[in-house]
Amino acid sequence: MAPQKLTEYERKRLENIRRNNEMMAALKVHTKATELSILPKAVTKSYSVKSEKKPKTETPIVIRRSLRTRGIPPDSKGSDSSTLTRNSPQKINDFVQNLGPIPMKDAYKGDDDSDRSFIESLVGMSNKEFSEEELNGSAKKKKKIECSLELESLNLDPENIARVVPGRITQMRFCPSNDVKMVAAGNKFGDIGFWNVGESEIFLYHPHQAPISGILFQPHCLSKIYTSCYDGLIRLMDAEKEIFDMVYNGENSIYALSQPKNEVNCLYFAEGSGGLSVWDNRIGKCSSQWDLHESRINTIDFSPQTTHIVATSSSDGTACTWDLRSIGGPKHTSLRTFTHKRSVQSAYFSPSGCSLATTSLDNTIGIYGGVNLEDKISVYHDNQTGRWISTFRAIWGWDNSYIFIGNMKRGVDVVSTVQRATIKTLQSPHISAIPCRFDANSCEVGMLAGATSGGQVYIWTSS
DNA sequence: GGTAAACTTAACAAT
DNA sequence: ATTGTTCCAGTTTACC
């Protein structure tokens, strides 16, 4: 299957793959952690990596190769999903992969058992949330969040800075707990790092082999965390079972992962070149697979109130809203299509669900409101992050007033939807890289996390 | 018309 | 302080 011609990059890549294969075959362990680095003095906390990890329980290693690399046309009969074929770009890192469950102890990059307390706290957290819920009857208990955020009070305490993973952070989420302030960050190597805000310890795991595209805490069971990856896998980190279980294994890269509040058994994920798939845990397979876009879907976001409405953003230059009740049926059309001049990196509903914010490489943030999102505001914003910085994605704060997005000068721009402009930039000498991915803590107004291509996480808090 | 190459960008390690 | 490496995005340009 020797390719006729190789670019310099491809040649190097194949060389890397070959070396990886040799090493993996020889050691039967995951790739060794990158060396611990010296950080800018602003950053005091970091993960620690075990200097050398002896091979522990041996897990089966499977040589994972796409049909294409085996010389079989991807659309031929060999494929199990004959009904739908997504002519997606060739999947990345499709060489060696562990396809079964991975014990957390094997994926853990710290010293043996030093994550014991962390695992137990996750399990304890989920039990606590459960009992509180039982005591208070039903989901009705959900504390109503006060929305009056005083922008001037946002503060970056140097204590609230840490390097949570090595390398570029591609995804980051707050744990949705009222008690514990914790973030989980995923990077381009397939690592997931956990950090209790303000504390010094980092817990770093390596459950995937490629960039992490989704992190999803189960709201009513915080010890269960879904992760999706460019390697085509969805895993479920289960702290009780102490494994990263394998949930879904597809041929295509997965670019986004989401879940509507009222469908705890279903996962919606962006697969291949424009596909949106629905995984149903009750039947253990995908219940739907639709081709919604002409290029990859970058985000999937459900309307907070009307959970059958979902917004997708795509590199095909559009964002769309869809009605899940009619999607895939005879009327396979979007409710609305929001057009940009370049690829669209995100489309998020505001907390009330009344507005939608899109971010595009055409250097605009689109803010749509009105009865059917037909009113459009366009705010200029430099979104040319280039190749090494994860693309910007404007996120909503805790009400419909403010949108937060990183800028190329290591700041965080705050866009007011009322004033239709950037009204403030959060800056700090402690920030040593461009914060490109964000999450707002839904359980605490004013707690905003920004993540960089250097693996740092910065947490602003409202005093 | 289609594909390959080139260009942009910042962070960090090594020198 | 400077240089080299990263390399899985997105887009434009060059070249069959």
Side-chain angles (χ1 to χ4, degrees), chain A residues 3-17 20 31 33-43 46 49 66 68-69 87-95 97 163-171 186-190 208-213 228-233 251-256 270-274 293-299 313-318 340-346 359-364 382-393 406-411 431-437 450-458:
Chain A
Q4 308 92 328
K5 206 172 84 175
L6 292 179
T7 64
E8 181 68 5
Y9 171 70
E10 286 167 335
R11 203 182 50 73
K12 281 186 184 172
R13 178 175 168 274
L14 287 174
E15 176 67 10
N16 275 332
I17 290 171
N20 272 332
T31 48
T34 55
E35 293 304 312
L36 184 61
S37 61
I38 308 297
L39 289 168
K41 36 182 177 283
V43 179
S46 180
V49 172
S66 74
R68 208 177 259 102
T69 54
N87 45 342
S88 73
Q90 200 164 334
K91 196 158 74 178
I92 301 134
N93 280 353
D94 46 3
F95 38 104
Q97 200 147 294
R163 172 173 288 200
V164 178
V165 290
R168 183 164 118 204
I169 292 177
T170 51
Q171 191 69 215
N187 69 5
K188 65 170 185 173
F189 302 124
H208 287 282
Q209 304 288 342
I212 303 289
S213 55
S228 67
C229 180
Y230 281 31
D231 63 13
L233 300 189
E251 277 290 317
N252 299 302
S253 286
I254 297 171
Y255 296 110
E271 188 179 27
S273 179
H293 283 275
E294 291 177 7
S295 186
R296 55 187 266 181
I297 292 172
N298 294 307
T299 58
S313 66
S314 169
S315 294
D316 69 6
T318 66
H340 279 271
K341 293 189 180 70
R342 299 280 185 276
S343 80
V344 186
Q345 294 300 323
S346 64
T359 307
S360 169
L361 291 191
D362 68 4
N363 283 343
T364 63
D382 176 11
N383 296 328
Q384 302 308 304
T385 51
R387 181 174 195 162
W388 314 123
I389 308 297
S390 297
T391 50
F392 292 147
R393 295 174 172 178
N407 70 30
M408 294 300 282
K409 298 193 208 61
R410 298 182 174 181
I431 301 180
S432 60
I434 293 169
C436 47
R437 291 293 160 90
T452 74
S453 284
Q456 300 98 338
V457 173
Y458 299 89

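Each chain gets a letter, A, B and so on, in the order its sequence line appears, and its residues count up from 1.
Across all strands shown, A/Ser390 has no heavy atoms under 4.0 Å from either base or sugar-phosphate atoms.
Not one N or O on the side chain of A/Gln345 forms a donor-acceptor pair closer than 3.5 Å with the backbone of A/Ser360. A distance-only check finds no donor-acceptor pair linking the side chain of A/Tyr255 to the backbone of A/Cys229 [under 3.5 Å].
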Which protein N or O atoms sit under 3.5 Å from an N or O of nucleotides 8-10 of chain B?
from   : atom 1 : to       : atom 2 : distance (Å)
B/dT9  : O2     : A/Arg387 : N      : 2.4
B/dT9  : N3     : A/Trp388 : NE1    : 3.4
B/dA10 : N1     : A/Trp388 : NE1    : 3.1

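Closest approach of A/Trp388 to A/Ser453, counting heavy atoms only: O-OG, 3.1 Å. The heavy-atom pair separating A/Ile389 from A/Cys436 by the smallest distance is CG2-CB, 3.8 Å. In terms of heavy atoms, A/Asn298 sits closest to A/Arg393 at O-NH2, 3.4 Å. Shortest non-hydrogen contact noted between A/His208 and A/Leu233 is CE1-O, 3.7 Å.
Look at A/Gln345 and you won't find any side-chain N or O under 4.0 angstrom from OP1 or OP2 of C/dA9. Phosphate proximity of C/dA9 to A/Tyr230: present, with a side-chain N or O under 4.0 Å from OP1 or OP2. Between B/dA11 and A/Thr452, no contact under 4.0 Å exists linking OP1 or OP2 to a side-chain N or O. Remark: A/Lys188 is not in phosphate contact with C/dT6, judged by side-chain N or O atoms under 4.0 Å from OP1 or OP2. Phosphate contact (OP1/OP2 of C/dG10, side-chain N/O of A/Ser315, threshold under 4.0 Å): present.
Atom-to-atom, OH of A/Tyr255 to C1' of C/dG10 comes out at 13 Å; the value is rounded to the nearest Å. The separation between A/Asp316 atom CG and C/dT11 atom C1' is 15 Å, rounded to whole Å. At whole-Å resolution of the value, CG in A/Asn187 and P in B/dA11 are 16 Å apart. For the pair A/His340 NE2 and C/dT11 P, the interatomic distance rounds to 12 Å; values are reported in whole Å. Regarding A/Arg168, its CZ atom lies at a distance of 11 Å from the C1' atom of B/dA11, rounded to whole Å. C/dT11 atom P lies 13 Å from atom NZ of A/Lys341, rounded to whole Å.
There is a side-chain donor-acceptor pair under 3.5 Å between A/Thr359 and A/Ser346.
Only the P atoms considered, B/dC12 is 22 Å distant from C/dG10, to the nearest whole Å. A gap of 23 Å separates the C1' atoms of C/dT11 and B/dA11, to the nearest Å.
Each of C/dT12, B/dA11, C/dC7 was ranked by its minimum atom distance to the side chain of A/Arg342; first place goes to C/dT12.
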